[in-house]
Amino acid sequence: MVVRDVKTHWNYTHAMICRGLLLRESIDTWVFNVPALRGVGLSVGDWKLLSDVGKFLEVR
């Protein structure tokens with residue numbers, strides 16, 4: 001277990017964004033197929049923003 005000195009580390013956020021982008025098609029399909037989730041679906045612009053934030057958080 002990683003010892004965390006703050007509640008959120010950028011690398012955890014980066015990992016979650018990368019996983020979401022990897023699973024984008026499945027997430028979009030799941031949200032579309034569950035009527036109760038349709039209001040929380042991400043737009044094309046939302047996915048683009050996540051991609052940009054993920055690139056910004058990458059270790060170079």
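Once rounded to the nearest 0.5 Å, the distance linking CD of E58 with CD1 of I17 reads 10.5 Å. Note: S43 OG to D28 CG = 9.5 Å, rounded to the nearest 0.5 Å. For the atom pair CG (L50) and OG1 (T13), the distance works out to 11.0 Å, reported to the nearest 0.5 Å. Rounding to the nearest 0.5 angstrom, the gap separating the CD1 atom in I27 from the CH2 atom in W47 is 4.0 Å.
Side-chain heavy atoms closer than 4.5 Å link hydrophobic residues (I, L, V, M, F, W, Y) into clusters, and following such links, even through other members, never connects L49 to V44. If you chain together hydrophobic residues whose side chains sit under 4.5 Å apart, M16 and L37 never meet in one group. V53 is connected to L42 through a chain of hydrophobic side-chain contacts under 4.5 Å among Ile, Leu, Val, Met, Phe, Trp and Tyr, so both are in one cluster.
In this structure, R19 and L22 have side chains that are in contact, with non-hydrogen atoms separated by less than 4.5 Å.
When all heavy atoms of R38 and V31 are compared, the closest pair comes out as CG-O, 3.5 Å.
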